[in-house]
2 protein chains.
Amino acid sequence: MSCVKTLKEKGLKLTPQRMLIVDIIHEARGHLTAEEIIRHVQAKMPGVNKSTIYRTLDLLENYGCVYKSETGEGFIYHHSEEGHHHHLVCSKCGRTIKCDEDLFTPLKDLLEEKYNFNADFKHIVMSGLCEKCRNSN
Amino acid sequence: MSCVKTLKEKGLKLTPQRMLIVDIIHEARGHLTAEEIIRHVQAKMPGVNKSTIYRTLDLLENYGCVYKSETGEGFIYHHSEEGHHHHLVCSKCGRTIKCDEDLFTPLKDLLEEKYNFNADFKHIVMSGLCEKCRNSN
DNA sequence: ATTGTTATTGCACCTGGTTGCAATTATATC
DNA sequence: GATATAATTGCAACCAGGTGCAATAACAAT
């Protein structure tokens, strides 16, 4: 549970709300939507305000404990121990596919080379059609 | 002004609000944020409701008259006559760089091949650091 | 255990974007 | 030009996410 250690080292307070949020993200393998996190938190600790939750998530992201990605309709979060990877999200059925990070490096290099642009390729979410959905039309 | 023709063909009504919005997008070379469009519309026609504007933009997008992309903080729109291309947006200075569509085709092919995923590579907005900003830290 | 300091919480309110619905208006037909 | 009808508007309310601020609570020092 390195998150707690990180928070402590930075002189941040280990409040019950914060610990609970860290726990939830830690226990979930894979990613959680903001909505899911809010639901889980409030199930265990009814009074917690959503702004507390959003602030905690931002904080954890800033200290590298979680990764935050946007899907086009909201945000998803996953524990940094899951490692860097991207997601392919089917716009029809909503299915998500984990996708290897390396696939994006040639493009990253190309953008460097052609535009001198240092593209931020952490946690990309690509939408499109998955195998099943493209065959069923 | 093919937009108007398209709307007419589909049996849609050419209301003054709609015409104004079409005009504004047509006259702007390059892209406009939702905010800019709302400001321009309401400058020329004060009463127009934002929901009318958003609905018209969605409509125009559905009929292929404009492209809508999300930047991570809101949406941008551009006339389809500008053609397909992507944008590189500097997360520091906000500068946007037009970027050729072809750069993404190898990645698209790779996602097809490895994951059977038909990625939707219309109008991508990539964030990162532009040349100037990466040199000035 | 009490106190002081400072981070954190909850609250109330704001933002951009979206939606259901009743009132309005563009167009087709006469 | 008047009328019918279906699309469109404006409204009011809603949603996710974010923010300023006063009240609260975690931790450190005594």
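A, B, ... follow the sequence lines: proteins, then strands. Residue 1 opens every chain.
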Rounded to whole Å, please give me the gap between [atom1] in [X] and [atom2] in [N].
{"X": "A:N49", "N": "C:dC13", "atom1": "CG", "atom2": "P", "answer": "13 Å"}
{"X": "A:L20", "N": "C:dT9", "atom1": "CG", "atom2": "C1'", "answer": "14 Å"}
{"X": "B:E70", "N": "D:dA16", "atom1": "CD", "atom2": "P", "answer": "17 Å"}
{"X": "A:R18", "N": "C:dG10", "atom1": "CZ", "atom2": "C1'", "answer": "14 Å"}
{"X": "A:Y63", "N": "C:dA7", "atom1": "OH", "atom2": "P", "answer": "10 Å"}
{"X": "A:L57", "N": "C:dT9", "atom1": "CG", "atom2": "C1'", "answer": "15 Å"}
{"X": "B:E9", "N": "C:dA28", "atom1": "CD", "atom2": "P", "answer": "13 Å"}
{"X": "B:I53", "N": "D:dT8", "atom1": "CD1", "atom2": "P", "answer": "16 Å"}

Q) Quick one: what's the B/S/- string for nucleotides 21-30 of chain D, heavy-atom cutoff under 4.0 Å, read 5' to 3'? A) B---BBS---
Q: Applying ring pair (Phe, Tyr, Trp, His ring centres under 6.0 Å), name anything that partners B:Y115, two or more places apart in sequence or on another chain.
A: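 Once residues adjacent in sequence are excluded, B:Y115 has no partner under the ring pair (Phe, Tyr, Trp, His ring centres under 6.0 Å) criterion.
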Q.
Test your reading of the model: is there a side-chain donor-acceptor pair from B:K50 to the backbone of B:I38, 3.5 Å cut-off?
A. no
Q. Any donor and acceptor pair, going by atom type alone, linking the side chain of B:R134 with main-chain N or O of A:N116 inside 3.5 Å?
A. yes
Q: With sequence neighbours left out, write down each residue that passes salt bridge (Lys or Arg N to Asp or Glu O under 4.0 Å) with B:D120, or none if nothing qualifies.
A: none
Q) Is the distance between the ring centroids of A:H86 and A:F104 under 6.0 Å? A) yes
Q. Do B:Y67 and B:H84 make the cut of ring centroids closer than 6.0 angstrom?
A. yes
Q. Taking the hydrophobic residues Ile, Leu, Val, Met, Phe, Trp and Tyr, and joining any pair whose side-chain heavy atoms are under 4.5 Å apart, which ones share a cluster with A:V125?
A.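 Traced through the cluster, A:V125 reaches A:I76, A:V89.
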Q | Partners meeting side chain to side chain contact (heavy atoms under 4.5 Å, CB included) with A:H85 (sequence neighbours left out) | A |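 Scan of A:H85 (side chain to side chain contact (heavy atoms under 4.5 Å, CB included), adjacent residues dropped) gives A:H78, A:E82, A:H87, A:K98.
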(Q) Distance to the ring centre below 6.0 angstrom and angle to the axis at most 45 degrees; does that hold for A:K68 and A:F75? (A)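 A:K68 over A:F75 ring: yes.
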Under 3.5 Å, which N/O atoms of the protein pair with N/O atoms of nucleotides 15-17 of chain C?
residue, atom, partner, partner atom, Å
C:dG17, OP1, B:F75, N, 3.2
C:dG17, OP2, B:Y54, OH, 2.2
C:dG17, O5', B:Y54, OH, 3.2
C:dG17, N7, B:K50, NZ, 3.0
C:dG17, O6, B:K50, NZ, 2.9

